[in-house]
Chemist: 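Before I ask anything, let me first share the structure, which is written out below as structure tokens.
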2 protein chains.
Amino acid sequence: MHLNAFLMNAGHHDAAWRHPLSTPERVTDPAYFTELARTAERGLLDSVFLADGLALWGTVRHNALGGFEPLTLLSALATATERIGLIATVSTTFTEPFSTARAFASLDHLSGGRAGWNIVTSGTVDEARNFGRDEHLEHGLRYERAQEFVDVAVKLWDSWQDDAIVLDRAAGIYADTDKVRPVDHGGTHFRVRGPLNVPRSPQGRPLLVQAGSSEDGKEFAARHAEAVFTAQQTLSDAQAFAKDLRSRLHRYGRAEDDVRILPGVCPVIGSTEAEARALEQELTDLQVPAYGLAQLSGMLGTDLTGLPLDGPLPELPEERDINGNRSRFALVARLGRREGLTLRQLIARLGGGRGHHVVAGTAEQIADRLEEWFTGGAADGFTIMPPYLPGGLDHFVDQVVPVLQERGLFRTEYTGRTLREHYGLPRPTATTPGSTTGSTTGSTSREDHRS
Amino acid sequence: MHLNAFLMNAGHHDAAWRHPLSTPERVTDPAYFTELARTAERGLLDSVFLADGLALWGTVRHNALGGFEPLTLLSALATATERIGLIATVSTTFTEPFSTARAFASLDHLSGGRAGWNIVTSGTVDEARNFGRDEHLEHGLRYERAQEFVDVAVKLWDSWQDDAIVLDRAAGIYADTDKVRPVDHGGTHFRVRGPLNVPRSPQGRPLLVQAGSSEDGKEFAARHAEAVFTAQQTLSDAQAFAKDLRSRLHRYGRAEDDVRILPGVCPVIGSTEAEARALEQELTDLQVPAYGLAQLSGMLGTDLTGLPLDGPLPELPEERDINGNRSRFALVARLGRREGLTLRQLIARLGGGRGHHVVAGTAEQIADRLEEWFTGGAADGFTIMPPYLPGGLDHFVDQVVPVLQERGLFRTEYTGRTLREHYGLPRPTATTPGSTTGSTTGSTSREDHRS
């Protein structure tokens, strides 16, 4: 089982910052994130993970939003940790392939091979408006751009062969320029000459992670992703998602074992089930309705302001008309309808994990749930989203991880050095650079798997 | 006197990587840069500085080029150091104001107020070709874009007031949204809504550094720069530059003391003058002529391939026709003509500092030169460019700094915590955010100077 710790300011519950167990005054304190990353490393987790948005999410009036930019923060954490993987979210919609490929290659060197890139296409018009656009790029076009973006990034990472640097001082030859080659990419969205200005990094390429579960998202994941972060409410939904995703891999010449599926789980841990449920209720009671309604409006692409909190969901748009996070829309709409929830109930249900699976109970009970999903083919591991921080992560590491270890489900020591090794994924071979030969599938060779 | 250590792979001399005193095998080892930054901090220097280019500079066949991206590397160094300032070069031509402003705000939080931004417009067509363009943006347009870019960045940094976060858990109010305001910038090059998604950082804004010395560059510096890095071959050239730059400040409502001028100096240090000159000659003897000729061709905007190394400079274009680094063209052309140098001699003269002032001698002699320029009104301090690393920086810190301290020219302990405090510059007050009131001059208020 693989475990990825998703770090977020005061914690994942939208009222965490109001709870006395959280420390929202530390969200711009690097020592706070260092402690969190070291806690995750103490628990032998595969990685820490940072989400990202290129605008202030929601309203900062009622939540501890804003803070570090992921690549800079993870670069700092690279120095403060030794083994744990470092996954940063970066959008392909508002960056350039040369800069993004370069930053990840740099992070991979800084961390000795622990960099991962969670590839997103961004979901809000607020982000577009910070980059000179009035409207957000259409969903399908965003994914089209993302496909080409990753193709270019792969070509850039592969533009230096592993043995390009010869360092022959006597002859005055630093690098063999037959092994540092332009990529000469000319496509629909990008023209990039290359080569990258970073020598090939320890992992060759960062681990490629993807987090969209729409049709476009799944197809993108099948082509490029080595790990997938997904929101699934139930075991059967998660099983269906995993089966669907795996079935798409063969089209891109990939095997079922080439991807790690890591649904999000928000664990609310208590020494008894009653204590866990009481904590969950405390957090629900701290929710600010105006904030919850604004978040729900965003997820549903529908302005809910002024609607009665104890009334039902109004008529919603069709999924195909959603230009934001389409899979999250579908999940929330389905959840609301399936259980006939009022707006207030839906806000409460989404408070802990914004649509991810929430489980409240003892460490044993949480381990049971993880084991059930894992052995049931729904997951290769989990993205752990503590409801509040730092304590929620401490409890997971100190109480749940040992149970998983006792059951033989989780490692008892790190056996690898790199993020790819932690996830049991191969180090890719550099494809021969040049415009005609760059990888377009994102597939990786297992030939030089170093784990 | 202020001292800024310019770190570069194997060192600043273009043949440094071939010299046994350098360690080019460590250019992608984060521990190497950590050691360099800690050496500079041991010497109580104001800052370390990283240059940048968005393409592989020159030919990697004959020099140790490529390596870390500056913002990620400095974020890692923020964790590994405590007091020294961290200045990263980022181009305004190939990035977006939201992303760049955000990254520097993040670095400023990570480092407790030690971030500086060296603002460049990029000088080569190779960079343009990595970003979808066939030709490089015209020199004047680049600076026009840079002006607006910095205006937007300042608005974004100022979009959070210092006291915006109220953290009232009981009332459910995290931030006072009257103090986190959109910037609603709509200009020629950018439309950015804001606010930034990073709370106001320890320095308010990073230190703004500028390094172009063309007419456009000087005007830009007069408007925005708080520190200026410049290449000057002689004392009189440096005096004229400083006088010229200071004379431009009043147009932007700024005082002569608002800018620190820090010419580059490459110190070749020996225990005797003869030893220093011998080391300089060793490095010259290791130069690869093909590399030097390629570099010189780039600086002069003229293909020199195939010309006799022992012949004179050919006819050169006019400065106004240069679309790359215009001030460097002027400096090199003047140097070649003034002294009637052959190509080989010019390549040797440029080997150590690419046009920056090179001084070879004992620690006392180097201190003499720095003192002469400093007391002569040519400089407020220096950007130190060791010819080889790590030893060249060790020698400067261990041998030259104590002489400067004995003479009362340089600090004997850090008195400030932030980069602005080291340079004796004020922390800017956040201008009231909003589209009509954002600062367009880059001027800073001294009212809340915290040093």
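A note on names: the letters A, B, ... follow the listed sequences, proteins ahead of strands, and every chain is numbered from 1.
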Chemist: Do Ser75(B) and Glu69(A) touch side chain to side chain, with heavy atoms closer than 4.5 Å?
Modeler: no
Chemist: Does the Asn197(B) side chain pair with the main chain of Gly67(A), one donor and one acceptor, at a distance under 3.5 Å?
Modeler: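 No.
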Chemist: Could you look at Ala64(B) and say if it's the side chain, the backbone, both or neither that has a heavy atom under 4.5 Å from chain A?
Modeler: both
Chemist: Can you say whether Val198(B) sits under 4.5 Å from chain A via the side chain, the backbone, both, or neither, judging by heavy atoms?
Modeler: both
Chemist: Taking non-hydrogen atoms and a cut-off under 4.5 angstrom, which of residues 91-98 of chain B neighbour chain A?
Modeler: Glu96(B), Phe98(B)
Chemist: Do Trp17(A) and Leu167(B) make a side-chain contact, defined as non-hydrogen atoms from C-beta onward lying under 4.5 Å apart?
Modeler: yes
Chemist: Distance from Tyr174(B) atom OH to Leu65(A) atom CG, nearest 0.5 Å?
Modeler: 7.5 Å
Chemist: Which answer fits Phe190(B), side chain, backbone, both or neither, if we ask what part of it has an atom under 4.5 Å from a heavy atom of chain A?
Modeler: neither
Chemist: At a 4.5 Å cut-off on heavy atoms, which part of Ala164(B) comes close to chain A: side chain, backbone, both, or neither?
Modeler: neither
Chemist: Taking only heavy atoms into account, what residues of residues 106-116 of chain B are found under 4.5 Å from chain A?
Modeler: Ser106(B), His109(B), Leu110(B)
Chemist: With respect to chain B, which residue among Leu54(A), Leu71(A), Val288(A) yields the maximal number of heavy-atom pairs within a distance under 4.5 Å?
Modeler: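 Between Leu54(A), Leu71(A), Val288(A), the count favours Leu54(A).
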Chemist: Sort Glu25(B) into side chain, backbone, both or neither according to what part of it lies under 4.5 angstrom from a heavy atom of chain A.
Modeler: both
Chemist: Quick one: salt bridge (charged side-chain N to carboxylate O under 4.0 Å, His left out) pairs with a partner in residues 128-137 of chain B, sequence neighbours left out?
Modeler: Arg191(A)-Asp134(B)
Chemist: Quick check: do Pro24(A) and Arg169(B) have side-chain heavy atoms less than 4.5 Å from each other?
Modeler: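 Sidechains of Arg169(B) and Pro24(A): in contact.
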Chemist: Does any heavy atom of chain A fall under 4.5 Å from the side chain of Ala128(B), the backbone, both, or neither of them?
Modeler: neither
Chemist: Where does Leu73(B) contact chain A at under 4.5 Å (heavy atoms): side chain, backbone, both or neither?
Modeler: both
Chemist: Let me confirm one number: the CZ-CD1 distance from Arg61(B) to Ile173(A), rounded to the nearest 0.5 Å.
Modeler: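 Going from the CZ atom of Arg61(B) to the CD1 atom of Ile173(A) covers 3.5 Å.
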Chemist: What part of Asn130(B) gets within 4.5 angstrom of chain A, counting heavy atoms only: side chain, backbone, both, or neither?
Modeler: both
Chemist: Which of residues 26-35 of chain A have a heavy atom under 4.5 Å from any heavy atom of chain B?
Modeler: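 Residues Val27(A), Thr28(A), Pro30(A) are the ones that qualify, each having a heavy atom under 4.5 Å from chain B.
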Chemist: How long is the span from the CG atom in Leu77(A) to the OG1 atom in Thr79(B), to the nearest 0.5 Å?
Modeler: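 Rounded to the nearest 0.5 Å, the CG-OG1 separation comes out at 7.0 Å.
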Chemist: So which heavy atom on Leu56(A) is nearest to which on Pro195(B), and how close?
Modeler: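 The pair with the smallest heavy-atom distance is CD2-CG, 3.9 Å.
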Chemist: Is it true that Asp52(A) and Arg102(B) make a salt bridge, defined as a side-chain N closer than 4.0 Å to a carboxylate O?
Modeler: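 Here Asp52(A) pairs with Arg102(B) in a salt bridge, since their nearest N and O are under 4.0 Å apart.
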Chemist: Could you tell me which of Gly53(A), Ala290(A), Ala55(A), Ala78(A) has the largest number of non-hydrogen atom pairs under 4.5 Å with chain B?
Modeler: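 Looking at each of Gly53(A), Ala290(A), Ala55(A), Ala78(A) in turn, Ala55(A) comes out on top.
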Chemist: Ala170(A) versus chain B, heavy atoms under 4.5 Å apart: side chain, backbone, both or neither?
Modeler: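 Answer is backbone: N, CA, C or O of Ala170(A) sit under 4.5 Å from chain B.
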Chemist: Could you walk me through whether Thr72(B) and Thr72(A) satisfy the side-chain contact (heavy atoms from CB on, under 4.5 Å) test, starting with their C-alpha distance in whole Å, then the side-chain angles of each, then the deciding distance to 0.1 Å, before giving a yes or no?
Modeler: CA-CA 5 Å; Thr72(B) 44; Thr72(A) 43; 5.9 Å; no
Chemist: Counting only heavy atoms closer than 4.5 Å, note whether His19(B) contacts chain A via side chain, backbone, both or neither.
Modeler: backbone
Chemist: Quick check: closest heavy atoms across Gly66(B) and Pro199(A), and the distance to 0.1 Å?
Modeler: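 For Gly66(B) versus Pro199(A), the nearest heavy atoms are C-CD, 4.0 Å.
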